[in-house]
Structures are given as C-alpha cells and as structure tokens.
Amino acid sequence: MPADLSPIDKAKFLAAKRATDFVENGMKLGLGTGSTAAWMVRCLAERIREEGLRVVGVPTSSRTAQLAAQLGIPLTTLDEAKWLDMTIDGADEFDGNLNLIKGGGAALLQEKIVATASDQMIVIADAAKDVSQLGAFPLPIEVIPFGWQTTKALVEETLVSLDVLNRDVTLRMNGAAPLVTDESNYILDLHLKRIGNPRQLALVLNQIPGVVENGLFIDICDIVVIGHGDGRVTVRDINSGETEDERVEFVPTSNIFADLD
Ligand SMILES: O=C[C@H](O)[C@H](O)[C@H](O)COP(=O)(O)O
C-alpha cells in the first residue's frame, strides 16, 4: 500500500468513495474512465468484497474494463444491459450547470454513450475541476482518421464562423504517432481558453463530417461529488438545487490499493 496519498489523490479517493454510497444492490452501472474513476472502481470492488454488493458494470474503456475485471467486478456490455441505473465518472471540468468537459483520457465517446444511456450520471472530481466557465481545459473531439486534416480544417473554419478568439487545434499524440482511441479514432484538442456557449458549440461540432463526438457533456450530469484535500466532500445535485458539505472518513484499507502494489 502506498505510504501516503497526495492531497489530490486523497480528494479523488474521497469523492469516489462517497459516490459509491449511491450504489444499491442489483444496479447496472456505467464505470467511467480516468484516475478518479479508477478510485471509484476500487471502492466499488471493496463494497462487493466486504458487503456482498450485487452489481454489474459496463466499462467505458479498455483500461477500466481491465481494472474492473482484475478487481472482480462483474461486467457486461451496454448492448446486453440496454439501459443503466447509474454512471459514475470523472471529468476534466464542470461548471455551475454541471455541464462538463470530458475526454482528457481519450475515452469521451464510450463515456458519452454510456452516460446518456443511464438514469443518472454522477461525476466525481477534485475541487480544481470546478470552473465558472468551461474551456481552460482543451476540448477534445474524436475524429475518424480518414481525412483528419480536412476535418481539422473544417473545425477551424467553424470556430472562425462562431467568432471564437482562441482556436488553436492540435492532434493528440502518443509519442511520435497519433493517439488512437478504443474505437480506433484520433483526438483533436481545441485550445479555446473559454467556451461562451457550450450547448451551441457541442451541436455545431457534431455537424462536421469526420467528427464522431465532442467532449462537451450538456445536461447529462445530475450530481457532482467534489473531494477536497482536507477530508471534506461536497455533493451538488442539479435537480434538487441542493449543495451539501460532508466529511468522509478517510480509512483506505490495504485492499483498496491491491492493484497499485
Ligand atoms: O477520457 C477520459 C475521461 O473523460 C476522464 O474521466 C477525465 O479525463 C478525467 O480524468 P481524471 O479523473 O484522471 O482527471
């Protein structure tokens, strides 16, 4: 077990642990991707081991599938499950309306399909992801490799037509080669600094041939659980309008870290 968690990992862990309290017996769950979602997978696996919780998970990436399988979480496919009770996932940014930027880990396509096919989406994040306006984090869009440079040019033209000031678009790399997603696509990162109208941008980007999906999640997230380094957790519910501060006991057992040893 790691001797100590950094404040940021502790915040991610606390958010993940609190979010798994929402999980009930018999649920079909979307399992998100990324470092925060990986804590949720570990916390969920612990509830399965310790409490005999019965759930089935639909992973949103090959990485999450591998971790969940390794930790003994029963898995299925979205086509088998058809509809899910809840998805718990991380985010790169969330705003006051709980609109999100996702895709920093290149998993936005499966993540959006799975979250949209869920009764409820819970986002887990450290407080640094809480922003008043989306866009400081580069917006990822997933594009088909065929003709990607033409698609990139069309994206740039679209940004000009929307009067977007900062519109640098870069192909995400994995070393010397383009990064390839689980769906065998590429990722373009849009360095916009701020997004004035996320709803409009999300719609317009998806009209461009070659764009498969964008990382803006609009009206999809219901609850955000924010972890703080000091042991506090804030739960914000967009439907009830309520925000509650809680304390979550920080008692990571050695089992939680089993896959990190
Ligand atoms: O593609 C990856 C996902 O959208 C992640 O959920 C997002 O990038 C947040 O990741 P992390 O929890 O590692 O900050």
Side-chain angles (χ1 to χ4, degrees), residues 5-20 29-44 57-68 86-95 98-118 121-131 134-143 170-174 178-191 195 198 202 205 211-218 220-229 233 259-260:
L5 285 185
S6 66
I8 192 107
D9 272 330
K10 189 173 171 186
K12 289 176 182 183
F13 169 80
L14 291 174
K17 185 162 172 30
R18 175 64 184 87
T20 54
L29 292 174
L31 306 176
T33 295
S35 56
T36 320
W39 286 114
M40 176 275 297
V41 170
R42 295 181 187 109
C43 291
L44 190 65
V58 173
T60 54
S61 64
S62 50
R63 272 170 292 152
T64 296
Q66 197 181 1
L67 177 63
M86 182 183 287
T87 284
I88 306 177
D89 200 350
D92 299 301
E93 284 184 350
F94 61 90
D95 69 9
L98 303 198
N99 291 326
L100 319 170
I101 288 184
K102 286 184 54 56
L108 67 101
L109 179 56
Q110 292 187 18
E111 288 176 336
K112 199 184 263 193
I113 294 171
V114 167
T116 303
S118 304
M121 181 194 196
I122 300 180
V123 158
I124 47 179
D126 57 90
K129 312 280 183 66
D130 189 354
V131 298
L134 298 175
F137 191 92
L139 173 65
I141 59 176
E142 182 150 347
V143 300
T170 53
L171 178 69
R172 196 179 299 179
M173 304 296 286
N174 182 13
L179 180 137
V180 177
T181 69
D182 274 352
E183 298 299 326
S184 305
N185 294 317
Y186 292 169
I187 297 281
L188 295 177
D189 288 307
L190 280 50
H191 303 260
I195 299 174
L205 286 172
V211 173
V212 183
E213 192 49 86
N214 68 81
L216 284 164
F217 283 47
I218 309 293
I220 296 178
C221 172
D222 299 281
I223 293 176
V224 66
V225 182
I226 309 159
H228 306 271
V233 163
D259 69 292
L260 298 177

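In each ligand, atom 1 is the first atom listed, and ligand 1 is the first ligand listed. Predicted model, so just to flag it, every value in this text is computed and none were measured.
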Assess whether side-chain hydrogen bond (donor to acceptor under 3.5 Å, both in side chains) is satisfied between S61 and D182, documenting all intermediate values. CA-CA 7 Å; S61 64; D182 274 352; 4.7 Å; no

For ligand 1, output the ligand-protein N/O contacts shorter than 3.5 angstrom; if there are none, return none.
residue, atom, partner, partner atom, Å
ligand 1, 1 (O), G105, N, 2.9
ligand 1, 1 (O), A106, N, 3.1
ligand 1, 1 (O), A107, N, 2.9
ligand 1, 4 (O), K102, NZ, 2.9
ligand 1, 4 (O), G103, N, 2.9
ligand 1, 4 (O), E111, OE1, 2.7
ligand 1, 4 (O), E111, OE2, 3.3
ligand 1, 6 (O), T33, O, 2.7
ligand 1, 6 (O), D89, OD1, 3.4
ligand 1, 6 (O), K102, NZ, 2.9
ligand 1, 8 (O), D92, OD1, 2.7
ligand 1, 8 (O), D92, OD2, 3.1
ligand 1, 8 (O), G104, N, 3.3
ligand 1, 8 (O), G105, N, 3.4
ligand 1, 12 (O), S35, OG, 3.4
ligand 1, 12 (O), T36, N, 3.0
ligand 1, 12 (O), T36, OG1, 2.5
ligand 1, 13 (O), S35, N, 2.8
ligand 1, 13 (O), S35, OG, 2.5
ligand 1, 14 (O), K129, NZ, 2.8

Restricting to non-hydrogen atoms, name the atom on A15 and the atom on V233 that form the minimum distance, rounded to 0.1 Å.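 The pair with the smallest heavy-atom distance is N-CG2, 4.4 Å.
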
With sequence neighbours excluded, residues passing salt bridge (charged side-chain N to carboxylate O under 4.0 Å, His left out) with K112: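 Testing K112 for salt bridge (charged side-chain N to carboxylate O under 4.0 Å, His left out), a comparison that skips the adjacent residues, returns E213.
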
Quick one: list whatever passes salt bridge (charged side-chain N to carboxylate O under 4.0 Å, His left out) with D9, sequence neighbours left out.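 Partners of D9 under the salt bridge (charged side-chain N to carboxylate O under 4.0 Å, His left out) test: none.
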
Using only atom types and a distance under 3.5 Å, with no angle test, would you say the side chain of E111 pairs donor to acceptor with the backbone of G32?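 No.
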
Tell me every residue that passes side-chain hydrogen bond (donor to acceptor under 3.5 Å, both in side chains) with Q66, counting only those two or more places apart in sequence or in another chain.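 Applying side-chain hydrogen bond (donor to acceptor under 3.5 Å, both in side chains) to Q66 gives none.
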
